[in-house]
Participant: 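Provided herewith is a single structure, encoded as structure tokens, for subsequent inquiry.
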Protein chains: 2
Amino acid sequence: MRTSDKHTKIIEAAITVFARKGFFSARISDIAKEAQVADGTIYLYFNNKYDILISLFEEEIGKIILEVKLLMEKESDPRRMLQIFALHHMQLMEEKRELAEVLQMELRQSNKFMKEYRNTKFIEYVDVVSAIVHKGQEEGVFRKSLLPGVFKRAFFGALDETSRLWVLSPDHNYTIAEAAQQISDIFISGIMTDS
Amino acid sequence: MRTSDKHTKIIEAAITVFARKGFFSARISDIAKEAQVADGTIYLYFNNKYDILISLFEEEIGKIILEVKLLMEKESDPRRMLQIFALHHMQLMEEKRELAEVLQMELRQSNKFMKEYRNTKFIEYVDVVSAIVHKGQEEGVFRKSLLPGVFKRAFFGALDETSRLWVLSPDHNYTIAEAAQQISDIFISGIMTDS
DNA sequence: GTCTTATGAATGCGTATTCATTCATTTTTC
DNA sequence: GAAAAATGAATGAATACGCATTCATAAGAC
């Protein structure tokens with residue numbers, strides 16, 4: 001078995017266990033069991049428990065950013081770009097539930113217990129939205145009076161909270177795609193120049 | 001010193017300490033120190049560490065709900081109600097930073113480590129928004145095609161994420177009131193019937 | 001036969017919780 | 001009204017235990 005396989009197996013196991021129990025309640029032995037390795041093996045690939053969480057963030061958000069930037073390159077209409085971002089974000093949360101839970105819960109409070117860790121990757125992801133807003137304003141499609149910094153947070157927050165609760169609650173009277181559509185509709189008609 | 005004073009002092013100390021360190025990294029002795037009582041005294045008022053957190057949620061969100069429902073009763077225009085809700089929510093986060101941090105961070109992941117705890121108070125708060133949407137739809141001011149369940153989450157998520165980052169980042173190029181205004185503007189123009 | 005990778009029992013640290021003790025206040029007794 | 005007895009709130013050192021991390025040993029690779 002190659003080295004990289006174990007690294008990946010442990011990360012994947014950690015996603016599952018952190019999603020289920022949360023970072024603090026998760027035991028190293030839980031992750032080891034889930035990854036089918038010995039407890040000690042984990043320390044051959046990671047320095048400590050925090051290191052697993054940080055590696056997980058960096059690697060997984062890295063992949064997501066690559067994906068979304070690729071999608072954005074294929075589109076030029078800012079309105080369509082917002083729609084695509086929304087749909088892609090929500091689908092991601094649906095397809096990778098466990099990862100979504102870890103990112104939503106643990107990522108945000110990580111700066112509480114890991115003082116030194118600044119999550120630049122996360123900022124980079126959300127800044128994809130402000131870039132779209134900026135582009136739309138340049139092109140005169142979006143109102144100049146909007147603050148891109150407010151918009152990106154509001155838009156991201158709307159998507160994230162909606163998908164978070166969609167994943168949590170067992171019964172839904174709407175699909176992920178419908179929710180993404182409604183949210184991007186609201187925001188798009190909310191930021192268009194009056195014409 | 002009356003009994004109730006100690007209870008309150010401990011809750012207030014817990015808000016400060018949980019905000020600073022997060023629930024798990026917070027030590028009972030930290031809370032005791034902050035509240036200027038002995039470690040053991042805390043166990044005269046609360047069963048355990050979790051109980052402090054739960055009591056804190058129940059009591060503080062209870063107050064917030066009372067406040068916001070009172071505000072809503074004074075207004076009848078659904079658009080104005082959304083504006084007021086937005087502004088009130090954001091101001092709350094600004095005025096009570098520490099409480100805001102605890103609610104935003106710990107409340108959400110509490111169901112991870114406290115299986116049995118269902119946060120009905122939080123749901124009640126967010127449902128204030130869906131009630132407004134419903135009212136607006138009844139009166140024909142808001143589009144019927146919107147799902148109140150999606151809207152409430154999107155609206156709340158937008159407010160919450162924006163205020164969360166406003167509180168975290170040291171420099172702002174906009175005020176809380178401006179952000180609240182922009183967000184309610186976006187959502188209101190996004191859900192109006194086309195007329 | 002050496003070097004690498006993996007194991008999991010043993011270690012030790014950190015901290016939630018307990019509980020014997022203190023002490024201020026209230027109640028009872030004469 | 002003074003002395004004695006009872007109360008229970010508050011204390012904080014001691015306890016107990018969960019779990020991250022280590023490391024002596026084993027298994028596998030070449």
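Here is how names work: the chains are called A, B, and so on, in the same order as the sequence lines, proteins then strands, and each is numbered from 1.
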Participant: If only side-chain N and O atoms count, and only distance matters, is there a donor-acceptor pair under 3.5 Å linking A:H89 with A:E94?
Facilitator: no

Participant: What's the CD1-C1' distance between B:I31 and D:dG12, to the nearest Å?
Facilitator: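 To the nearest whole Å, that distance equals 17 Å.
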
Participant: OP1 or OP2 of D:dA10 sitting under 4.0 Å from any side-chain N/O of B:Y45?
Facilitator: yes

Participant: Would you mind telling me which of D:dA9, C:dT7, D:dA20 lies closest to the side-chain atoms of A:V37?
Facilitator: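 Closest nucleotide among those given: C:dT7.
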
Participant: Return the minimal non-hydrogen interatomic distance between A:P78 and A:I132, and the atom names on each side.
Facilitator: O-CG2, 3.6 Å

Participant: Ignoring hydrogens, what is the shortest heavy-atom contact between B:Q181 and B:Q83? Give both atom names and the distance.
Facilitator: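 Looking at all heavy atoms of both residues, the closest pair is NE2-NE2, 3.8 Å.
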
Participant: Under 4.0 Å: is that the gap between some side-chain N or O of A:K6 and OP1 or OP2 of C:dA6?
Facilitator: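 Looking at the OP1 and OP2 atoms of C:dA6, one of them is under 4.0 Å from a side-chain N or O of A:K6.
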
Participant: To the nearest angstrom, how far is B:I42 atom CD1 from C:dT18 atom C1'?
Facilitator: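 Interatomic distance, CD1 of B:I42 to C1' of C:dT18: 14 Å.
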
Participant: For A:D39 and D:dG18, what is the distance between atoms CG and P respectively, to the nearest whole Å?
Facilitator: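 Checked: the CG to P distance equals 16 Å.
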
Participant: Nearest of D:dG12, C:dG8, D:dA9 to any side-chain atom of B:L44?
Facilitator: D:dA9

Participant: When the distance from CZ of A:F46 to C1' of D:dT21 is rounded to whole Å, what number comes out?
Facilitator: 16 Å

Participant: If you only use heavy atoms from C-beta on, which nucleotide in C:dT7, C:dT17, D:dT22 is closest to the side chain of A:T41?
Facilitator: C:dT7

Participant: Between C1' on C:dA16 and CZ on A:F24, what's the gap in Å once rounded to a whole number?
Facilitator: 15 Å

Participant: For the residue pair A:H7 / A:E59, report whether a side-chain donor-acceptor contact shorter than 3.5 Å exists.
Facilitator: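 Yes.
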
Participant: Under 3.5 Å, side chain of B:N48 to main-chain N/O of B:D51, donor-acceptor pair present?
Facilitator: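 Flag set: sc B:N48 to bb B:D51 pair under 3.5 Å.
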
Participant: Taking CG from A:N47 and C1' from D:dT22, how many angstroms apart are they, rounded to a whole number?
Facilitator: 14 Å

Participant: Rounded to whole angstrom units, what separation is found between the NZ atom of A:K49 and the C1' atom of D:dT21?
Facilitator: 12 Å

Participant: Is the phosphate of D:dG18 approached by A:R27 (side-chain N or O, under 4.0 Å from OP1 or OP2)?
Facilitator: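 So the side chain of A:R27 is outside the cut-off, no N or O lying under 4.0 Å from OP1 or OP2 of D:dG18.
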
Participant: Grab the CZ-P distance between B:F23 and C:dT15 for me, whole Å please.
Facilitator: 14 Å

